[in-house]
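Structure first, commentary second.
Chain letters run A, B, ... following the sequence lines, proteins first, then strands; residues in each count from 1.
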Amino acid sequence: ASANLTYVMPEIIKAFNEKYPNIKVNFITSSSGKLTAQILREAPYDIFLSANLKYPEFLYSKGIGVFPPAIYAKGKICLFSIKHKNLSLKNLKTYSSIAISKPKTTPYGKAALESFKKAGIYPQIKDKLIYAETVAAVLSYIKNGADVGIISKSLIYSKNIKNLGKFYYKDINTSFYHPINQGVLLLSKKNEAKKFYNFLLSQKAKKILKKYGYDIKNK
Amino acid sequence: MIDFTPFILSLKLAVIVTIILLIIGIPYAWYLSSTKSKIKPFLETITALPIVLPPSVLGFYLLVFLSPDSFIGGIFYKLFNIKLVFSFPGLVVASSIYSFPFMIQPIQSGFESLNKNIIEASFLSGKGKLTTLFKVILPNIKPALLTAIVITFAHTIGEFGVVLMVGGSIPGKTEVASVAIYDYVENLDYHSAHIYSAILLIISFLVLFIVYFINHRQRRKYDIY
Amino acid sequence: MIDFTPFILSLKLAVIVTIILLIIGIPYAWYLSSTKSKIKPFLETITALPIVLPPSVLGFYLLVFLSPDSFIGGIFYKLFNIKLVFSFPGLVVASSIYSFPFMIQPIQSGFESLNKNIIEASFLSGKGKLTTLFKVILPNIKPALLTAIVITFAHTIGEFGVVLMVGGSIPGKTEVASVAIYDYVENLDYHSAHIYSAILLIISFLVLFIVYFINHRQRRKYDIY
Amino acid sequence: MIYINVSKKLSGVVENMELNVKIELKKGEFLAVTGESGSGKTTLLRIIAGLEKAKGRIKVGNEIWQDDKKFLPPQKREIGYVFQDFALFPNMNVLQNLLYVKKDIDFAMYLLKLSGIENLKDRFPNTLSGGQKQRVALCRALMRKPKILLLDEPFSALDEKRREDLQEKLYLFHKKFDLTTIMVTHSSNEIYKLADNMLELKYGKQIKYGDAKKLLINSKTSEKFSIKGKIIDIIKVDIINIAVISVGNNIVECVISQNEAKNLKIGESVLLSTKAFHPNIKVINENTSC
Amino acid sequence: MIYINVSKKLSGVVENMELNVKIELKKGEFLAVTGESGSGKTTLLRIIAGLEKAKGRIKVGNEIWQDDKKFLPPQKREIGYVFQDFALFPNMNVLQNLLYVKKDIDFAMYLLKLSGIENLKDRFPNTLSGGQKQRVALCRALMRKPKILLLDEPFSALDEKRREDLQEKLYLFHKKFDLTTIMVTHSSNEIYKLADNMLELKYGKQIKYGDAKKLLINSKTSEKFSIKGKIIDIIKVDIINIAVISVGNNIVECVISQNEAKNLKIGESVLLSTKAFHPNIKVINENTSC
Ligand SMILES: Nc1ncnc2c1ncn2[C@@H]1O[C@H](COP(=O)(O)OP(=O)(O)OP(=O)(O)O)[C@@H](O)[C@H]1O
Ligand SMILES: Nc1ncnc2c1ncn2[C@@H]1O[C@H](COP(=O)(O)OP(=O)(O)OP(=O)(O)O)[C@@H](O)[C@H]1O
Ligand SMILES: [Mg+2]
Ligand SMILES: [Mg+2]
């Protein structure tokens, strides 16, 4: 699974196991790009959960996957800081450093960039951007010097975010960026895998996903 | 609860890789140190190159070359029925390739500064090449050998880019400690990351300290200071 | 179009880090090689430890220690107005810390196998410690020195975990080649990744080959073979 | 029989020097090799040992050690070698250096005792004095009771007493184990005492080769007693003149005439002889002598 | 004046050996140090050079080189040192080895020429023979025209001719530049020729110290001509018996009586003397001699 799912997955697995106590789910996080490269070489994974549709679609185009990629949720992004209270896209230019995850490789970074452009502030803040490897690294950056950053909303609900102490966040209007479609690709024909795949797309899973800040409207 | 499997995997990997590279590295470094051939600088450069690539990128290429569809991976798969990707043997192969220069270079430099006449003296004592190697040459390049072993060992423990790519962090099989710690940091679980890092550091500290301490005592004995 | 900025940054970083570590490493390695103190094995172990941590994790800790809010980062910020995170100086500091053992260990092993009486001969020629170091000691541990420089250089070029974490991969400032290539692989842009990897390899090959080639010629001259 | 016929280009003090040696040794023979510094003595030993390649042939008994086609590696040639610079194994103590060659602790201790260094058996080479190292190197070479013993100035770092002592012991050893020995030395005394044959090299060429005693004895039949020496001082004491002449390690004072004192110069080589038919020979007690 | 009064524990062939030396040198003095292998000669030189710490005091002129409080490092002591194992810089060629000490190319070439190795100036130490290395080491030590010259068996690897040649040149050099020289040697000949004073060590203790010539000359006044030698052979030729006696590097044949032949044994030290009042001294041409 892609890294942003780290927090929600345990709960989904828990719920899944309530229903199917005998199926053990191992879940591995890594970057989508790495996982894609590995799945191409027949990595022994059953289900691939990606932070966007691009990677599952790429794989599917290579003839991998049982069904076409499905969208199980949509990610949201928000402004985040531990220093500054009144967060808004407009205020961004008053800060000296803004951390986002890499637009090239992460969907959340890409969405962040889109919203800057849409808000018309990109030229002013261009030189203040710091690019993190993953959304989790954005938090490290904010903790260690960056004034503000953009992260996935789901992170706010992770239990570990409390490690950062006091923090402030502000949603970014979803109209500012293209939806971050979280795609899932079923890789193996194993029965257990299929069950989990179906569970993930079920209402129960969606409820949990919603609790963790994902947008689950219009499938 | 702390799961020690990743540490055991890490140690196992590091020990195996160090031993394999010692076995390959000694003759190869010897060849490099003693050849006068024109291709020597070429070979030396090639030897150093794996380190120049970012580990994940190297890992990516290794993934391509070691997968059962590829030529090399295919040979292994067909002949020994060993899959070199997403398996522990794969980690061993990949780590060995990445850590190769760390083993070769110090040993080669040790060989190059060895006083050749003790080798001759050993031959003239009627001893063959193997005895000479183990009883005379290696003991007398100990500082270099130690450097090679320590760097290779530590580096294999700490490496995770290649390992993650080729191994795929499968718990109990390819999820080594470095990968586990990385995951904790990614998950913002700093508490576990600290604990795991501390354990990794302590284990490594103990291993290295014992090695250095024994070496220190021996050097005193030989009065090499 | 190929953007060469990351390569230039990488080379710049590797050259600066190598030089800094040479300057720090030589006296430190000398101390380690010549002390008979009991704390020697302890220091040696500590020196090797940075390699044991996965680079991104080390990068994470370095980020914590170098940030302007922290003690060390704070000192730099207040005294020199240098921010050690998300800046090129930060990369230099972080890479230097990570590559430290790669520089120290080979040099130390070189010192340890150096014949001490040529040092004495130099002193008795009326030369001070500095002259002795540059004219006698260093030239005579050349294989070890070369190993240290090559490993440090190559490793700094290839490293990206620490660099990425501390530097924040800001194009033109801290986005070095290894990070750029990594991004291409992540982005499934294998074509660009191949091209960038090839360029990195070719540049590194040339640099290392020149170094080894000159060394090869010199060794022939001294008839050290 | 051992046939050695080798040649090799050397870079010497003169341009294009070539080592050219053609010798034959009988089993049990003791050959001394002498010649000025840089003349190729060490190189010759190294060639015989197989440490250096050279053109030509070496045949020991019925075995060919080297010719156009074959080259027996050093470890296959049964040789004991004392290196000019000792080449002890720094990672082994004195006793281990000997035992490395052969696991015979009694014999090792016997050799160490013979050389007067049995107390040093646990010491590592780095802690030994020059002469002590040299003796360890000698013992190590003897450990194998080798077919051929090659000695490169094995006593150069020793004081005279120890040197004479070891010369004798080496000779006995050579006889007892019927070794064939080739020794590089600069001392004609040593050659006379030990060697059957001698070979003198100059710029790589063999300029003298043959029976050692014949080549060395430089007395003339007419003078039963004549010794070569060198004037190192001419002293005036009261009205007599004394020439101080060094003969080997002896310093001799000799009264000379006023005339002689004028003609003789310090540094000149002289031949000391006496008109008397019968010089006295008196046994001296070692302890009373200087 | 140079005062040296030092002591240091050594690990020797006997238990708990201690080096104890108390000597005084005048400026321009030539002191020879002798003694058996392992007696502490090298250690003494190293202490004087500051390469090894020891208890005691060293004072050179008005300058204290070492005492309880002070320890002048080697590079501050103006010393030339020839190491027993040469210690040439492997990364420099012969000329560079000399120029490293002092950038005086004329003087370097002069010294190399003096030692007969000017042709080797571009060679690297690894390619030299033992005696060649030793000469380079000597030249290098002389480059500084040091206050004190310390020589550790500087001629041990040289053939006799070269050795005598260099002995003389060293002596002239010593005189010309008014050096104070301390030389370790095993040859009493060398001591007599070169040294003003001599020091003999045994197990680290100084057992003889004083005027070299007085300590060396072992002639008795009654016998004007008497030399110590050793019987190395007794040969029967027809009806006469010949004793072959080695005197230094001379081999002397001496007719002896039947009776003498019975009593004398090979290996015995003998005193050769003659009843004649006047031994002949004849200058010999170097080239005709063996
Ligand atoms: N590795 C080498 N490369 C080139 N020339 C060499 C090498 N080793 C020795 N030589 C030269 O070959 C010649 C013979 O050397 P060798 O060591 O045999 O002399 P030697 O007779 O043993 O002298 P010595 O009595 O000084 O030890 C010397 O002139 C020396 O400079
Ligand atoms: N590093 C050392 N550690 C311990 N003992 C040593 C060390 N160096 C020398 N010795 C011992 O000290 C004693 C004196 O050594 P030194 O080298 O001064 O002897 P030397 O008189 O020069 O002998 P040689 O004529 O054999 O060169 C020897 O018995 C030797 O074994
Ligand atoms: Mg020689
Ligand atoms: Mg000595």
Side-chain angles (χ1 to χ4, degrees), chain C residues 22 26-27 29-31 33-37 106-107 109-150 211-225, chain E residues 42 45-53 71-94 96-104 108 120 122-128 133 136-152:
Chain C
L22 261 180
I26 289 170
W30 180 253
Y31 168 76
S33 77
S34 56
T35 182
K36 296 187 192 187
S37 154
I107 298 185
S109 101
F111 284 149
E112 285 178 356
S113 37
L114 184 67
N115 195 346
K116 297 290 177 293
N117 67 11
I118 59 171
I119 302 174
E120 297 180 341
S122 173
F123 287 155
L124 289 176
S125 301
K127 303 302 171 192
K129 290 191 176 153
L130 265 191
T131 314
T132 302
L133 181 68
F134 285 108
K135 296 286 183 67
V136 174
I137 299 178
L138 294 184
N140 283 299
I141 61 156
K142 234 169 138 203
L145 210 55
L146 195 75
T147 296
I149 291 174
V150 166
V211 169
Y212 280 123
F213 186 72
I214 292 173
N215 178 55
H216 184 65
R217 293 243 316 234
Q218 285 215 342
R219 279 172 67 80
R220 290 205 147 175
K221 205 179 89 194
Y222 292 2
D223 211 29
I224 297 177
Y225 287 113
Chain E
T42 298
L45 292 204
R46 288 176 60 84
I47 290 171
I48 298 173
L51 296 175
E52 231 159 281
K53 308 241 157 149
F71 184 85
L72 205 66
Q75 60 268 39
K76 297 269 169 65
R77 307 184 178 195
E78 270 177 69
I79 271 178
Y81 196 120
V82 177
F83 285 83
Q84 202 167 2
D85 53 359
F86 321 138
L88 299 176
F89 305 123
N91 59 317
M92 306 178 196
N93 68 24
V94 167
Q96 286 164 344
N97 259 279
L98 269 61
L99 294 182
Y100 179 72
V101 178
K102 197 157 158 241
K103 295 255 161 308
D104 183 345
L120 303 178
D122 297 325
R123 295 262 292 273
F124 283 87
N126 278 327
T127 72
L128 299 178
K133 280 185 202 154
V136 177
L138 180 63
C139 292
R140 188 180 63 183
L142 296 176
M143 274 306 284
R144 275 179 107 180
K145 294 167 200 154
K147 259 190 196 166
I148 301 187
L149 184 61
L150 303 176
L151 308 166
D152 202 347

Contacting region of E:Arg77 [heavy-atom separation from chain C under 4.5 Å]: neither
Max heavy-atom pair count under 4.5 Å with chain C, selected residue of E:Phe86, E:Tyr81, E:Phe83: E:Phe83
Most contacts with chain C, counted as non-hydrogen pairs under 4.5 angstrom, among E:Ile79, E:Val101, E:Leu88: E:Val101
C:Asn117 side chain vs C:Glu120 backbone, donor-acceptor pair below 3.5 Å: no
E:Lys103 side-chain N/O to E:Leu99 backbone N/O, donor-acceptor pair under 3.5 Å: yes
Sidechain-backbone polar pair: E:Asn91 side chain, C:Asn140 backbone, donor-acceptor under 3.5 Å: no
Pairs of heavy atoms under 4.5 Å with chain C: top-ranked of E:Glu78, E:Arg46, E:Gln75: E:Gln75
C:Trp30 and C:Leu133, any side-chain heavy atoms less than 4.5 Å apart: no
Side chain C:Ser122, main chain C:Ile118, donor-acceptor under 3.5 Å: no
Enclosure of C:Lys135 NZ (heavy-atom neighbours >12, cutoff 6.0 Å): no
More than 12 heavy atoms of other groups within 6.0 Å of C:Phe134 CZ: no
Donor on one side chain, acceptor on other, C:Thr131 and E:Tyr100, under 3.5 Å: no
Close contacts, residues 140-149 of chain E versus chain C, judged by heavy atoms under 4.5 Å: E:Arg140, E:Arg144
